Each structure stands twice: as C-alpha cells, then as structure tokens.
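Everything below concerns the one structure shown next.
By convention here, the first residue in the shown sequence is residue 1. No experiment lies behind these values; they were computed from the predicted model shown.
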Amino acid sequence: VQLQASGGGLVQAGGSLRLSCAASGGTFSRFIMGWFRQAPGKEREFVGVINWDGTSTYYADSVKGRFTISRDNAKNTVHLQMNGLEPEDTAVYSCAASRSYYGDGYDQYDYWGQGTLVTVSS
C-alpha cells in the first residue's frame, strides 16, 4: 500500500492543523494506521494510532487531549486533527500502516508514507 501525508504548514502557537494521509494500492480497512513525527535532531516519536474501523485510538501522552485521529475507510483516508499546537510540536509528520500491530513501536509498521512538515511558531 502507498501512503501520502498532506496538510502540513506554518501555524502560530495555539492554532490548529488537520493532516491527512491518503492510501492506495491496498484494502485500507484492513490496516491499522499510525502517526509518527520527527523533529530536527531528534528521534522519531509516536503520536497516535487508530484501529481498523476507527473504534479505538491510542495517543502519546504529549499529545493526548490535543490531537485526534480519525479515519474514513470509504475514502481510504486517515486524519490527524491537531489543536492547541505548541512550538514543541514542530516536526515532520508521517503516517504508517500495519496489518496487525496496534501500538507505538515504529519498527512494527509495514508501510510508511512521505511526511509533511508542521512548523509551529511562538
């Protein structure tokens, strides 16, 4: 499956952005979808994950209560709604797909998309 993230940009602290990840080449509803981010000079960090039908989500403590993941299986798309953005959220955000793993281990995901840059100014 091929994944393409979009929706990044420059936003002021306290603002919001909605990222999207479009999937193609596979049966999207069979994949668990995760979001990760990587800030300059830092390791890749788990953001959150959503299960096959969208009934379960799990977030990193750093984004819990501010970020929300949703999916539209009819449109082969997963979204990351980011509210209350902080400068520390500045990073390249990437989506990933897993056939069976539901968790925060980036090395457990099977497919990765190209990331989209989010920059939060103070």
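Contact between A23 and L3 at its shortest, heavy atoms only, is CB-CD2, 3.6 Å. Nearest heavy-atom pair across A13 and S122 is CB-CA, 4.3 Å. Of all heavy-atom pairs between S29 and N73, the closest is CB-ND2, 3.6 Å. Nearest heavy atom pair, residue Y109 against residue G103, reads OH-O, 2.6 Å.
Y58 and F36 fall within a single hydrophobic cluster, where Ile, Leu, Val, Met, Phe, Trp and Tyr are joined by side-chain heavy atoms under 4.5 Å apart, directly or via other members. One hydrophobic cluster, built from ILVMFWY side chains closer than 4.5 Å, cannot hold both I32 and L19; they sit in different ones. The cluster map of Ile, Leu, Val, Met, Phe, Trp and Tyr, joined by side-chain heavy atoms under 4.5 Å apart, puts V78 and Y111 in the same cluster. Residues V1 and Y106 do not share a hydrophobic cluster, defined by chaining ILVMFWY side chains whose heavy atoms lie under 4.5 Å apart. In this structure, W52 is not a member of the same hydrophobic cluster as F28, with clusters built from ILVMFWY side-chain heavy atoms closer than 4.5 Å.
For the pair V118/M82, a side-chain contact is recorded, criterion being any heavy-atom separation below 4.5 Å from C-beta on. Using a 4.5 Å heavy-atom threshold, the side chains of V49 and W35 count as separate. Between V47 and L80, some side-chain heavy-atom pair lies under the 4.5 Å cut-off. Between T119 and V11 the shortest side-chain heavy-atom distance does not fall below 4.5 Å. Under the 4.5 Å side-chain criterion, counting only non-hydrogen atoms from C-beta, C21 is not in contact with Q4.
The side-chain tip of R44 points at the ring of W112 from less than 6.0 angstrom away and within 45° of straight on.
Checked by atom type and distance alone, the side chain of N76 never pairs as donor or acceptor with a backbone atom of S24 at under 3.5 Å. Checking side-chain atoms of S98 against main-chain N and O of S100 turns up a donor-acceptor pair under 3.5 Å. Using a distance-only test at 3.5 Å, with no hydrogens or angles considered, no donor-acceptor pair links the side chain of Y59 to the main chain of R66. Under the 3.5 Å distance criterion, the side-chain polar atoms of T90 are matched with a main-chain donor or acceptor of V120.
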### Task
Could you check R37 against S62 for side chain to side chain contact (heavy atoms under 4.5 Å, CB included), going step by step and ending with a plain yes or no?
CA-CA 12 Å; R37 66 186 182 184; S62 58; 3.6 Å; yes
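D72 and T77 are not linked by any side-chain donor-acceptor pair at a separation below 3.5 angstrom, with hydrogens and angles left out of the test. Using modelled atom types, one finds a donor on one side chain and an acceptor on the other under 3.5 Å when comparing S20 with H79.
With a 6.0 Å radius and a threshold of 12 heavy atoms from other residues, nucleotides or ligands, K64 has its NZ atom above the threshold. Atom CD of Q2 has more than 12 neighbouring heavy atoms from other residues, nucleotides or ligands inside a 6.0 Å radius.
Below 30°, between 30° and 60°, or above 60°: for Y93 and F67 the angle between ring planes is between 30° and 60°, a tilted geometry.
Note: I50 CD1 to S56 OG = 8.5 Å, rounded to the nearest 0.5 Å.
Between R71 and D53, none of the side-chain N atoms (NZ, or NE/NH1/NH2) sits under 4.0 Å from a carboxylate O, so this pair counts as no salt bridge.
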